[in-house]
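Below you'll find the structure, written out as C-alpha cells, and then a few comments.
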Amino acid sequence: MKYKKITFAIALLAIFSIVSCEDVLDTEAKDAFAEDLIYSDPSQAERVVFTAYNSTESWSINRFQWWTRRVGIEGASWEGKFNFNDLDNVYKMRGGWSPSNAGLAFNNRWSNSWDYVRLINEFLDKIDDSPAMQNDPEKTSVLKAEMQFLRANLYSKLIKFYGGVPIMKSSLGLDDEFNLPRNSYEECVDFIIEDLDAAIAVLPETVSGTWFGRATKLSALAVKSRTLLYAASKLHDPNTVPNGPLYDYTKASKWQDAADAAKAVIDLVGSRDLISVSNAKDYQNLFLSPNQDMLFARSYSALYHEFANDVNTLPDQTLSPSGYGGWALISPSHNFAKEFNMNDGTTTDDGTYDPLNPNANREMRYYANLLYQGAEFRGRPVDYALADNPSSETPHGLDSPEGLGNTLHSSKTGYNIRKFQDESLVALTDISANRPYVLYRLAEIYLNYAEAQYHLGNEDLAREYVNKVSNRALQPDITATGSDLLEAIKRERRIELCFEGHNFFDERRWMEQDHIGGYDIKGLKWQKGSNGNLSFEEYTVVSRPWFEYRYYLPIPQSEIEKAPALEQNYGY
C-alpha cells in the first residue's frame, strides 16, 4: 500500500442532511483544506468528518466505476444477477476473480478503503492537540468518536472481504515503513472492538432530529454486534478451510461475546417490538423515511444524493422494470424468490405452494420486496410475457424483451426488486424526499441475537428473538428445534435483510457453498397465448461455477508488488 501526505478534500459525494449545501460548500478553500484551518475549530474539523462518512456503503457498491455506481452487492450474491446484456465483468461471478481483476465492483475496494483509513488516521493523530479540542472539547470529542466509529466500520468491512489486514492506528509519514504485513483476523477484530468501545463511551445514545445519518452509541453497538457475530461464524473456525491466522477466530467465548454485543443494543432499546405493519405497503414504507428501527443509515434527500444530478444511481431508476423506463439492473433469481414462505408460514418445499401459480398466497414480504408477473406497480401490472402471436389484443408484455424502453434491461429471471422504491414519485428521475440507505437496523440485531443464542444452546431465547422479526412480517411463530431452528433463523435473515448487502457475506460465513457457487441462476419465462392465457417455464438463466477461493477477495496484484510483505489470500 502506498500512502502520500494529503490535503483534505471537501466532501465530493453525498454529505448528510444535517447541514445545508450552502454550509458545506462555504469554505475558505474551494478545493482543499489548509491544515491550520481544519483544526482551528470544531466546525472546520466537522467538514473532514463529513468526508469520512463517505466511507460507508450506499446505493453504489463502487463509486468509481460507471456500472457499479448503480448497483449493490446483491448482484454478486445468491439473491440475484446483473441484468444488462448479461454482462459478467461487473462482478465476475462466472469468469472468476484474480489478483489482476476481481470485477468492476471489487477492483478499487482495497485502495479506496485505505484512502479513508489514511484520512481518518491523520485526523485522529492531530485532533487531541488541536485548537478545536481546546476551544470546544465536548463537540470535538464527539467528532473524534465519530471518526473512531468510521474507522471501525471500515475495518469491519475490510476483514469481511479480505480476512486479516494491516492494522494502522496512525497515519504514515514519509520516513515510515510502508511495506506492512497483514495482522491476524483476530487482532483485527480486537482493534475494531477497541475503536468501537472508545466511540460508544462518547457518542450520543440515539438518533434524533438533525443527528439522523450520523453515528450514535446504538450505531457503534450495532457494528460491534455484526463484527462479533461474523467472527464467531463457521468461516472463522480453525477447522475449516481456508484457515490460519489471517482467517481464524479462536476465542472460546466467541458466541457469548456475540450474544452480549447484540444484548447491549437490546437493553438500550428495551427489547421492544419492531415497528408494526398491517400489510406489504406498510412494510415497504419502513425503508422510505427515517424511523426508530434504523440504527445507522446514510441520509438522502432532494438536496443530497449520490452524484449531484445523476439520479439514476438511486433505486427508482436503477431497479424499475424496463417497460417503466427503468434500468432493472439486478434481477432476483427464482431460486431466491422460493426462499419466501407462504402466508401460512410453510415453505415452498411443502404446504400450500403451487409451483404452477408461484405468486399466490406468499408471505407479505414477497409482495413488498419483489416485482413479479402481474404485480401492480406504478399504475399497471408488471408484464414480462412474450405473446405467441402478438396482436393489439394480446401484445408482448411492456416489460418483456419485446416491450418498452431499452429491452436489454428486460428482466432475465421474471423478477425485479421492489424494495426501496418510492412509488409515490411521479417520475423515476424524481428524488424521494428523505429516503435513507439503511446500514444497520434493529431487526438485524434481533436476528444476530437469535443466532448467537442458538449456538449457545438457548433455543427458547433464539425462538423469542427470531419471532420478533418473523411475527412483525405477519408470519406465525417459528417453533422449530435443533438444526431446523438454525435453518429457520438463516431463512428469516435472508428474507428480512434481502437486498441490503447481507447475503453475500452471510452465505460465506455460514460456508453455504451451494449458495456461493456451483449452482444455476433460475428464472421464469412467461408466455401469453392468443387467448390471453399466461404460462411459464422455469429455465437456467446462467450457471455460476464454484471456485475454492470464493470466500475472500484477492488482494490486488499491484498492491502486492508495492508491498511484498502482504500475503496473498488463499487460492489465488
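Basis for what follows: all heavy atoms, side chains included, without hydrogens, waters or symmetry-related copies.
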Derivation of the salt bridge (Lys or Arg N to Asp or Glu O under 4.0 Å) call for R494 and E507:
CA-CA 9 Å; R494 289 179 183 121; E507 305 295 350; 2.7 Å; yes
Under the criterion side-chain hydrogen bond (donor to acceptor under 3.5 Å, both in side chains), I'd like the reasoning laid out for N448 against S225: C-alpha separation, chi angles, the key distance, then a yes or no.
CA-CA 7 Å; N448 292 354; S225 173; 2.9 Å; yes
Between I555 and Q568, does the side-chain contact (heavy atoms from CB on, under 4.5 Å) criterion hold? Intermediate values first, please.
CA-CA 6 Å; I555 296 175; Q568 184 55 273; 3.7 Å; yes
Please evaluate residues Y162 and W110 with respect to the criterion ring pair (Phe, Tyr, Trp, His ring centres under 6.0 Å), reporting the C-alpha separation (whole Å), side-chain torsions for both, the decisive distance (0.1 Å), and the verdict.
CA-CA 9 Å; Y162 299 103; W110 179 270; 4.9 Å; yes
Give the intermediate values and the outcome of side-chain hydrogen bond (donor to acceptor under 3.5 Å, both in side chains) for residues S543 and D520.
CA-CA 4 Å; S543 295; D520 296 334; 2.6 Å; yes
Test side-chain contact (heavy atoms from CB on, under 4.5 Å) applied to Y353 and T347, step by step:
CA-CA 7 Å; Y353 178 66; T347 73; over 6 Å; no
D88 and R544: side-chain contact (heavy atoms from CB on, under 4.5 Å), yes or no, with the steps?
CA-CA 10 Å; D88 186 46; R544 283 184 174 168; over 6 Å; no
Go through the steps to decide whether T216 and F149 satisfy the test side-chain contact (heavy atoms from CB on, under 4.5 Å), and finish with yes or no.
CA-CA 9 Å; T216 65; F149 163 85; over 6 Å; no
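Between R298 and E57 there is no salt bridge, since no side-chain nitrogen of the basic residue lies less than 4.0 Å from a carboxylate oxygen of the acidic one. R151 has no carboxylate O lying under 4.0 Å from a charged side-chain N of E146, or vice versa, which leaves the two without a salt bridge. Looking at D257 and K224, no side-chain N of the basic residue comes within less than 4.0 Å of a carboxylate O on the acidic one, giving no salt bridge. Using a cutoff of 4.0 Å between basic side-chain nitrogens and carboxylate oxygens, E512 and K490 are scored as salt-bridged. Ion pairing of D460 with R463 is present here, as a side-chain N (NZ or NE/NH1/NH2) and a carboxylate O approach within less than 4.0 Å. Salt bridge present: K468 and D273 bring a charged side-chain N and a carboxylate O closer than 4.0 Å. Ion pair R272/D293 flagged as a salt bridge, since at least one NZ, NE, NH1 or NH2 atom sits closer than 4.0 Å to an Asp/Glu carboxylate oxygen. In this structure, K126 pairs ionically with E122, as a charged nitrogen and a carboxylate oxygen lie closer than 4.0 Å.
D125 and S171 share a donor-acceptor pair across their side chains, judged by distance under 3.5 Å alone. Judged by distance alone, the side chains of N153 and Y440 do bring a donor and an acceptor atom under 3.5 Å apart. Side chains of D477 and T479: no donor on one and acceptor on the other come within 3.5 Å.
Side-chain contact between E487 and E492 is absent, with no heavy-atom pair separated by less than 4.5 Å. By the 4.5 Å heavy-atom criterion applied to side chains, L288 and N285 are counted as neighbours. Under the 4.5 Å side-chain criterion, counting only non-hydrogen atoms from C-beta, E186 is not in contact with D248. Looking at I167 and C188, their side chains come closer than 4.5 Å, going by heavy atoms from C-beta outward. Contact of the L221 side chain with the L295 side chain is not registered, since no non-hydrogen atoms from C-beta on lie closer than 4.5 Å. Within the 4.5 Å cutoff, no side-chain heavy atoms of Y454 are placed close to those of L461. Looking at heavy atoms from C-beta onward, L474 lies out of side-chain contact with E363 at the 4.5 angstrom threshold. Proximity of D506 to S77: side-chain heavy atoms (C-beta onward) are nowhere separated by under 4.5 Å.
One N or O on the side chain of Y549 and one on the backbone of W97 form a donor-acceptor pair closer than 3.5 Å. Here the side chain of D128 pairs no donor or acceptor atom with the backbone of M133 at under 3.5 angstrom. Of the possible polar contacts, none joining the T240 side chain to the H236 backbone as a donor-acceptor pair under 3.5 Å is found. Between the side chain of T227 and the main chain of V223, a donor-acceptor pair closer than 3.5 Å is present. Between the side chain of T68 and the backbone N or O of A105 there is no donor-acceptor pair closer than 3.5 Å. Checked by atom type and distance alone, the side chain of S253 never pairs as donor or acceptor with a backbone atom of Q256 at under 3.5 Å. With hydrogens and angles ignored, the 3.5 Å screen pairs no side-chain donor or acceptor of E74 with any backbone N or O of C498. Of the possible donor and acceptor atoms, one in the side chain of S184 sits under 3.5 Å from a partner among the backbone N and O of E187. Using a distance-only test at 3.5 Å, with no hydrogens or angles considered, a donor-acceptor pair links the side chain of K217 to the main chain of I200. Judged purely by atom type and a 3.5 angstrom limit, S141 has no side-chain atom pairing as donor or acceptor with the backbone of E138.
Residue pairs meeting the salt bridge (charged side-chain N to carboxylate O under 4.0 Å, His left out) criterion with at least one partner in residues 441-454, sequence neighbours excluded, are R226-E444, R441-E496, R441-E500, E444-R493, E451-R509.
A centroid separation of less than 6.0 Å is found between the aromatic rings of Y551 and W546. The six-membered or imidazole ring of Y465 lies near that of Y446, with a centre-to-centre distance under 6.0 Å. Taking the centre of each ring, W59 and F420 come in below the 6.0 Å mark. Taking the centre of each ring, F336 and Y415 stay at or above the 6.0 Å mark. For Y155 and W114, the ring centers sit closer than 6.0 Å to each other.
Each of R365, Q475, R362 was checked for a side chain to side chain donor-acceptor pair (under 3.5 Å) with N341, and the lone residue meeting it is Q475. Tested against Y552, the residues F505, F106, Y247, Y572 include a single ring-ring contact (aromatic ring centres under 6.0 Å, His included) partner, Y247.
Closest approach of L274 and A443 over heavy atoms only: CD2-N, 3.8 Å. Minimum heavy-atom separation, D344 to P476: O-CG, 3.4 Å. Residues M294 and F212 come closest through the heavy atom pair SD-CZ, 4.0 Å.
Within the cation-pi definition used here (under 6.0 Å to the ring centroid, within 45° of the axis), K419 qualifies as a partner of F287. Because its NZ or CZ atom is not both nearer than 6.0 Å to the ring centre of Y116 and within 45° of the ring axis, R118 does not count as a cation-pi partner of that residue.
I192 CD1 to L154 CG: the interatomic distance, rounded to the nearest 0.5 Å, is 10.0 Å. Taken from CG in N343 to OH in Y366, the straight-line distance is 12.5 Å, to the nearest 0.5 Å. The distance from atom OG of S156 to atom CG of L228, rounded to the nearest 0.5 Å, is 9.0 Å. Taken to the nearest 0.5 Å, the CZ atom of R182 stands 10.5 Å off from the CG atom of L158. Here F161 contributes atom CZ and N569 contributes atom CG; the two are 12.5 Å apart, rounded to the nearest 0.5 Å. The CZ atom of F504 sits 8.5 Å away from the CD1 atom of I516 when rounded to the nearest 0.5 Å.
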